[in-house]
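One structure is given below, encoded as structure tokens.
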Amino acid sequence: MSKVIFDCDPGLDDAIALLLLCQSEYEILGVTTVAGNHRIEVTTKNALDLLSFYGRADIPVAKGAERPLIQPLTIADFVHGPNGLGEVILPEADRKPEAVHAVEWMKNTLMASTEKITLIAIGPLTNIGLLLSMYPEVKEQIKEISIMGGSTSFGNISPVAEANVGHDPEAAQIVFSSGVPIRMSGLNLTFQMFIQDREIEEIEALSTDVAKAAAKFLWYHAAFAKRMGLEVDQMHDTCAVVSLMEPEAFTGRMAKVTVDTGWGPGRGQTIADFRALEEERNVFIYESVERDRIIDLVQSAIARA
Ligand code: RIB
Ligand code: CA
């Protein structure tokens with residue numbers, strides 16, 4: 001069974017992505033948290049509470065970076081709610097995070113493994129950027145990094161910057177230029193991976209505690225999208241998980257990706273070069289998804305939870 005480490009900033013769409021991963025064939029070695037959607041104390045509490053709620057309190061949680069490498073932290077509580085989970089109150093986990101920082105925990109776990117590990121990163125890339133900078137020897141232990149981040153089209157926190165990359169462009173540049181194989185689920189893809197109201201209603205009708213909570217996460221996230229003039233909820237973080245579970249439902253191309261780390265209007269943009277030298281193209285950029293097929297996968301995974 002393939003091993004993964006899940007780096008996240010829960011976060012409503014993070015919560016759905018974690019639920020799907022818990023229902024997958026992957027062996028989850030641990031969950032690491034980063035500030036982004038909310039402050040590190042909140043994203044870490046949410047990770048602990050979500051894992052307990054999903055029946056996976058066996059999975060260790062390690063608390064990571066409390067702010068981006070260079071620019072100050074700006075949280076997205078206007079999207080994810082004051083508690084980061086759409087005001088859904090989960091039972092409090094009765095355990096604490098690991099004693100070491102997420103970067104140390106990832107280094108120790110990667111270097112102790114007898115097989116390569118897949119990283120899934122669905123928040124700002126601060127932890128991963130620190131990891132690769134402080135301990136480059138871990139690169140040999142990483143099979144690939146599946147990230148929700150960037151975009152080859154429009155941005156969301158600026159006309160060109162997607163939130164995870166835009167929150168910490170320097171960390172993202174370290175990751176994209178590391179030479180480690182990356183699978184990038186950017187906004188150009190995730191806006192195709194929307195869930196319709198009736199499909200959320202179908203999840204709600206499953207009537208289990210997990211399904212009802214998942215539906216609340218989705219409704220709250222959808223409400224923000226609708227306030228922004230969109231019709232439906234985009235399942236951003238889900239893409240970084242289901243593209244590993246069901247790769248044949250996706251298409252894409254290899255590219256070299258450079259992050260604009262300047263301080264002008266392009267800051268945080270991911271610039272894809274599909275014509276770079278083959279050896280420089282380390283990023284598989286997803287470009288399309290069979291949405292209906294993935295909705296079926298999501299609904300059946302939630303039904304199993
Ligand atoms: O741009 C969307 C990303 O930013 C998602 O990961 C969401 O959870 C937020 O972190
Ligand atoms: Ca996220």
Side-chain angles (χ1 to χ4, degrees), residues 4-9 13 17 34 36 65 68-71 116-133 136 138-140 142-193 234 236-244 247 250-289:
V4 298
I5 293 171
F6 188 75
D7 188 74
C8 59
D9 61 335
D13 55 332
V34 65
L69 296 183
I70 306 291
Q71 72 189 41
K116 292 199 173 196
I117 295 172
T118 295
L119 305 187
I120 300 173
I122 59 171
L125 291 164
T126 315
N127 289 336
I128 316 293
L130 287 167
L131 172 72
L132 296 174
S133 298
V138 302
K139 291 182 187 179
E140 292 310 306
I142 299 172
K143 179 180 178 186
E144 60 191 348
I145 307 175
S146 180
I147 81 161
M148 189 280 134
S151 176
T152 59
S153 53
F154 44 79
N156 52 6
I157 61 164
S158 89
V160 295
E162 176 279 327
N164 288 335
V165 172
H167 270 127
D168 197 339
E170 284 74 16
Q173 176 57 20
I174 291 168
V175 175
F176 279 112
S177 62
S178 66
V180 173
I182 292 168
R183 292 177 177 277
M184 179 179 130
S185 296
L187 295 180
N188 57 290
L189 175 82
T190 65
F191 265 75
Q192 299 174 51
M193 191 58 240
Q234 289 79 33
H236 301 298
D237 290 337
T238 285
C239 292
V241 172
V242 294
S243 55
L244 294 171
F250 294 79
T251 67
R253 288 179 291 158
M254 294 300 292
K256 175 185 178 184
V257 172
T258 304
V259 180
D260 182 341
T261 55
W263 293 93
R267 179 168 173 79
Q269 182 174 11
T270 48
I271 299 149
D273 184 354
F274 293 99
R275 297 178 303 139
L277 296 173
E278 188 170 354
E279 60 268 22
E280 291 181 335
R281 284 182 266 156
N282 66 311
V283 182
F284 186 82
I285 295 180
Y286 289 110
E287 296 181 291
S288 77
V289 57

Next on the checklist: Checking E170 against R267 for the salt bridge (Lys or Arg N to Asp or Glu O under 4.0 Å) test, could you report, in this order, the C-alpha distance in whole Å, the side-chain angles of both residues, the deciding distance, and whether it holds?
Outcome noted: CA-CA 10 Å; E170 284 74 16; R267 179 168 173 79; 2.9 Å; yes
Checklist entry - Can L119 and I142 be said to form a side chain to side chain contact (heavy atoms under 4.5 Å, CB included), step by step? => result CA-CA 7 Å; L119 305 187; I142 299 172; 3.9 Å; yes
Checklist entry - Are T261 and I70 close enough, and set up right, to give a side chain to side chain contact (heavy atoms under 4.5 Å, CB included), and what steps lead you there? => result CA-CA 10 Å; T261 55; I70 306 291; over 6 Å; no
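Between the side chain of D168 and the backbone N or O of L125 there is no donor-acceptor pair closer than 3.5 Å. Judged by distance alone, with hydrogens and angles left aside, the side-chain atoms of N282 form a donor-acceptor pair with the main-chain N or O of V180 at under 3.5 Å. Put simply, the side chain of N188 gets close to the backbone of Y286: a donor and an acceptor are under 3.5 Å apart. In terms of modelled atom types and a separation under 3.5 Å, the side chain of E287 and the main chain of T251 share no donor-acceptor contact. Q269 contributes no side-chain N or O that, together with a main-chain N or O of G155, makes up a donor-acceptor pair within less than 3.5 Å.
Here the side chains of T270 and E162 are not in contact, with every heavy-atom distance at 4.5 Å or above. Side-chain contact between E144 and L244: present, with at least one pair of heavy atoms (C-beta onward) separated by less than 4.5 Å. The shortest distance between side-chain heavy atoms of V175 and L132 falls below 4.5 Å. In this structure, the side chains of I271 and F176 stay at 4.5 Å or more apart for every pair of heavy atoms. S243 is listed as a side-chain neighbour of S146, based on a closest heavy-atom distance under 4.5 Å. When side chains are defined from C-beta on, N164 does not count as touching H236, because their heavy atoms never get closer than 4.5 Å. When side chains are defined from C-beta on, V289 counts as touching L189, because their heavy atoms get closer than 4.5 Å. The shortest distance between side-chain heavy atoms of P169 and Q71 falls below 4.5 Å.
In this structure, NE2 on H167 lies 8.0 Å from CG on D9, to the nearest 0.5 angstrom. Atom NZ of K256 and atom CD of E280 lie 4.0 Å apart (nearest 0.5 Å). The CE atom of M184 lies 13.5 Å from the CD1 atom of I145; values are rounded to the nearest 0.5 Å. For the atom pair CZ of R253 and OG1 of T152, the computed distance is 8.5 Å after rounding to the nearest 0.5 Å. Note that CZ of F191 and OG of S151 are 8.5 Å apart. Values are rounded to the nearest 0.5 Å. The CE atom of M193 sits 12.0 Å away from atom OG of S288, with the distance rounded to the nearest 0.5 Å.
For G129 against I174, the heavy-atom pair with the smallest separation is O-CG2, 3.7 Å. Taking both residues in full, the closest heavy atoms of G150 and V165 are given as N-CG2, 3.3 Å, listed atom of the first, atom of the second, then distance.
Within a 6.0 Å radius of CD in E279, more than 12 heavy atoms belonging to other residues, nucleotides or ligands are found.
Defined by atom type and a distance below 3.5 Å, a donor-acceptor pair is missing between the side-chain atoms of T190 and S185.
Screening I122, I128, N127 for a side chain to side chain contact (heavy atoms under 4.5 Å, CB included) with V34, the sole residue that qualifies is N127.
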